[in-house]
Amino acid sequence: MIVIEYSSPNTNKPLHLGHIRNNLLGFSLSRICSAAGNRVIRTNIVNDRGIHICKSMLAWQMYGNGETPESTGTKGDHLVGDYYVLFEQKLREQAEQLAGGGMTPDEARENAPLMKEVRQLLLKWEAGDTDTVELWREMNSWVYAGFDITYKALGVEFDKIYYESDTYKVGRELVIKSLKKGDLVRKDDGSVWIDLTADNLDQKLLLRSDGTAVYMTQDLGTAVIRYSDYHFDRHIYVVGNEQNYHFQVLALTLLRMGYRWAEGLHHFSYGMVELPEGKMKSREGKVVDADDLIEEMTATATEMSRELGKLEDYSDSERENICRQIGLGALKYFILKVDPKKNMTFNPAESIDFNGNTGPFIQYTYARIRSVLKKAEETEAGEGERDCTDVIPNPKEISVIKLLNDFPSLIVEAAEELSPALIANFCYELAREFNQFYHDYSILGEEDKRIRGFRLKLTAVTGRVIEKGLWLLGIEAPERM
RNA sequence: GGUUCCGUAGCUCAGUUGGAUAGAGCAACAGCCUUCUAAGCUGUGGGUCGAGCGUUCGAGUCGCUCCGGAAUCACCA
């Protein structure tokens, strides 16, 4: 039993390209692990509370004039995200004024009126103030409706969703219990820490001096809840490499608290997605938005399809669906073929290729295969000799057969290594080999019935393997393109 | 400064447990559609695998040192 946590969004802004990498990796890993014979639970922890959420709420209260997704026609997560950016903008203005009065930039930020107000708002939320909690619920519901659309567009799913607003309390109790047992230390100001200096790490805060929870507290609680829910053998966290330290501390802390199962925790750490001009910054609005990107990819696929004169005899809705599959295929393959550990640069201007080592190349190979098989059924050319065991394959066919033969063990390997890239590169290689075979030899035009039957069989198996391979990556295989 | 990760062709990336002349794609150039989908296929040019030392019959791959880049070491999440 493997639990895979991925996505883990904050509810104060829409998903961006970094989340896309996370979601695609997590979803693909879940499919690879289950294909390798594991029972897999896909989970998501929603970071639905905290000061960053209050920032959006406060900005909406102050400047929102009662706007809703319905009244503005804006997707809920974008509307909330706009107020988050607005808050940061107004805060910067206030801070600049104060800095002009002689404060350091940090002091100015901390002492700005908006910052004080937003802290007040968080306190009110934690105290359970009715109006505040009501607003929080409503704005979060807008965000969830928006996320659902993005998740659906990406094609990712979850079996179980956890909310930080539920789990942080469990974490706090856990810390208090553990403190009594003597695993932790309490400082004079009342804050609670774990001392990991024996493991070459520092002391780490688990509860603030005012008794409130921090990020780590919440993750401790979530882990314990999950173990009691599923008794997993392994728990994979798909989280960016910026949190390497956090997950080291998390596992060690749980072990120190006596939870042996924490040995099964594994941080699947992946690199950042950067833009040509540097890191993406949510609070400045400098991000590649997930919804925009998906739309652009689809638009590019549509444009390309039109230029090539494909799909002209299809209905608008069929054409739209295929172009969506291709656009997303390009995006998904682009991200998944790369070693997850590496940082990657995404250049929106140059966009993503549809030729060469790409998703559409593999999808195209699949569409060709489907086309041949369909024609074989229609013309009854497939009624050839069933027994083709004595056919001696040519070198191109042998190359394809060798690859097909590798596929089952590759799935196991990809699951062990947690590497969608292995599957992605295999799919490309198989598609390339098959295209060479397809180019050099005729399948349906072959005179010898047994050879024709053999080639049709090879074609059918290749089609199934490509389809399965793409499926493992969460990429759809169009029948035609 | 400590820790972790990355460095392979102009660009984006592969490189299986160490194995022979280091592979793709993009970009450039030159070809292939009366024949199963040309989003394809073929060819040309392009590399001191960051540098050095070591282990080995053999190193892009393993070890050490250095150089360059990223992340992190918060009473942020």
Side-chain angles (χ1 to χ4, degrees), chain A residues 8 10 12 47 49-53 164 187 189-193 200-219 239-249 267 269-272 274 278-279 301 304-305 307-311 326 329-330 334 337-347 350 352-376 379 381 406 409-410 413 417 419 421-422 424-426 428-429 431-432 434-446 452 455-456 459 480-481:
Chain A
S8 318
N10 292 321
N12 64 330
N47 297 107
R49 54 149 228 133
I51 193 104
H52 52 297
I53 316 288
E164 187 187 322
K187 294 202 173 171
D189 62 5
S191 58
V192 180
W193 300 70
N200 286 323
L201 298 174
D202 294 322
Q203 293 201 331
K204 182 78 187 176
L205 180 83
L206 298 183
L207 280 182
R208 294 193 185 97
S209 49
D210 61 7
T212 58
V214 291
Y215 177 46
M216 183 62 71
T217 326
Q218 172 275 125
D219 253 1
V239 180
N241 62 14
E242 57 196 349
Q243 293 188 30
N244 287 352
Y245 180 74
H246 173 81
F247 283 99
Q248 254 185 299
V249 172
H267 177 205
S269 165
Y270 64 90
M272 300 287 96
E274 288 167 6
K279 268 194 83 171
M304 193 154 283
S305 161
E307 272 173 24
L308 293 169
K310 308 252 180 184
L311 307 174
I326 296 167
F334 177 82
K337 75 169 174 177
V338 181
D339 179 352
K341 284 199 298 288
K342 291 182 178 173
N343 287 358
M344 60 188 295
T345 307
F346 182 83
N347 190 334
E350 288 174 14
I352 299 172
D353 282 322
F354 286 71
N355 301 308
N357 186 355
T358 65
F361 170 90
I362 299 163
Q363 290 174 315
Y364 178 70
T365 308
Y366 179 77
R368 275 176 146 183
I369 287 172
R370 292 306 307 163
S371 178
V372 170
L373 295 176
K374 204 174 151 208
K375 206 151 282 182
T379 61
D406 289 344
S409 60
L410 186 83
E413 195 186 341
E417 311 266 321
S419 175
L422 233 41
N425 288 303
F426 169 85
Y428 171 67
E429 226 175 308
R432 202 164 46 104
F434 183 83
N435 277 330
Q436 287 172 19
F437 156 72
Y438 178 93
H439 180 266
D440 292 353
Y441 301 95
S442 181
I443 300 162
L444 300 176
E446 172 57 43
R452 188 170 67 228
R455 288 186 182 160
L456 271 168
T459 303
R480 218 194 112 170
M481 65 185 272

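Only heavy atoms go into these numbers, but all of them, side chains included; no hydrogens, no water, no symmetry mates. We name chains A, B, ... by the order of the sequence lines, and we start the count at 1 in each one. Every value quoted in this text rests on a predicted model; they were computed, and no experiment measured them.
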[N] to [M] separation - [atom1] atoms, rounded to the nearest Å:
N: B:U12; M: B:G18; atom1: C1'; result: 27 Å
N: B:G45; M: B:G25; atom1: P; result: 15 Å
N: B:G69; M: B:A59; atom1: P; result: 30 Å
N: B:G68; M: B:C76; atom1: P; result: 34 Å
N: B:G15; M: B:U34; atom1: C1'; result: 43 Å
N: B:G23; M: B:A70; atom1: C1'; result: 27 Å
N: B:C73; M: B:U65; atom1: C1'; result: 24 Å
N: B:A9; M: B:A51; atom1: P; result: 10 Å

Considering residues at least two apart in sequence or located in another chain, which fulfil the side-chain contact (heavy atoms from CB on, under 4.5 Å) criterion with [X]?
X: A:Ala301; value: A:Cys323, A:Ile326, A:Phe354
X: A:His246; value: A:Tyr215, A:Met216, A:Asp219, A:Gln243
X: A:Ser209; value: A:Asp189, A:Ser191

Side-chain heavy-atom pair [X], [Y] within 4.5 angstrom cut-off:
X: A:Gln203; Y: A:Lys187; answer: yes
X: A:Met481; Y: A:Tyr366; answer: no
X: A:Asn241; Y: A:Lys341; answer: no
X: A:Leu373; Y: A:Thr459; answer: yes
X: A:Ile362; Y: A:Tyr428; answer: yes

Under 3.5 Å, which N/O atoms of the protein pair with N/O atoms of nucleotides 6-8 of chain B?
| from | atom 1 | to | atom 2 | distance (Å) |
| --- | --- | --- | --- | --- |
| B:G7 | OP1 | A:Lys342 | NZ | 3.2 |

Mind calculating the distance between [atom1] ([X]) and [atom2] ([N]) to the nearest angstrom?
X: A:Asp353; N: B:C26; atom1: CG; atom2: C1'; value: 6 Å
X: A:Met344; N: B:C13; atom1: CE; atom2: C1'; value: 10 Å
X: A:Phe346; N: B:U12; atom1: CZ; atom2: P; value: 14 Å

Note to self: Is there a side-chain contact between A:Arg49 and the phosphate of B:C76, meaning an N or O under 4.0 Å from OP1 or OP2?
What the structure shows: no

Item checked: Nearest to side-chain heavy atoms of A:Val338, which nucleotide of B:A77, B:U4, B:C13 -> B:C13

Margin query: Checking side-chain polar atoms at under 3.5 Å, does A:Asn244 have a donor or acceptor matched by the opposite partner on A:Ser269?
Written below: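 On atom types as modelled, these side chains qualify, holding a pair under 3.5 Å.
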
Check: Is the base of B:C41 syn or anti, if syn means a glycosidic angle within 90° of 0?
Finding: anti

Check: Can you name the nearest heavy-atom pair linking A:Leu205 to A:Trp193, along with the distance?
Finding: N-CE3, 3.3 Å

Check: Any idea which heavy atoms bring A:Gln248 and A:Leu201 closest together, and the distance?
Finding: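 Scanning both residues completely, I find the closest heavy atoms to be NE2-CD2, 4.0 Å.
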
Notebook entry, point to check: When the nearest nucleotide of RNA chain B is assigned to A:Gln248 and to A:Asp210 on a heavy-atom basis, which residue is associated with the more 5' position?
Noted result: A:Gln248

Checklist line | A:Tyr364 ring center near A:Phe361 ring center (under 6.0 Å) | finding: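 They do not qualify: ring centres at least 6.0 Å apart.
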
Item checked: Watson-Crick and G-U pairing of RNA chain B, under 3.5 Å, as dot-bracket with | and [ ] -> (((((((..((((.....[...)))).(((((.......))))).....(((((..]....))))))))))))....

Note to self: Each nucleotide in nucleotides 33-46 of chain B should get exactly one letter: B, S or -. Can you fill that in based on protein heavy atoms under 4.0 Å?
What the structure shows: ---BBSBBSS----

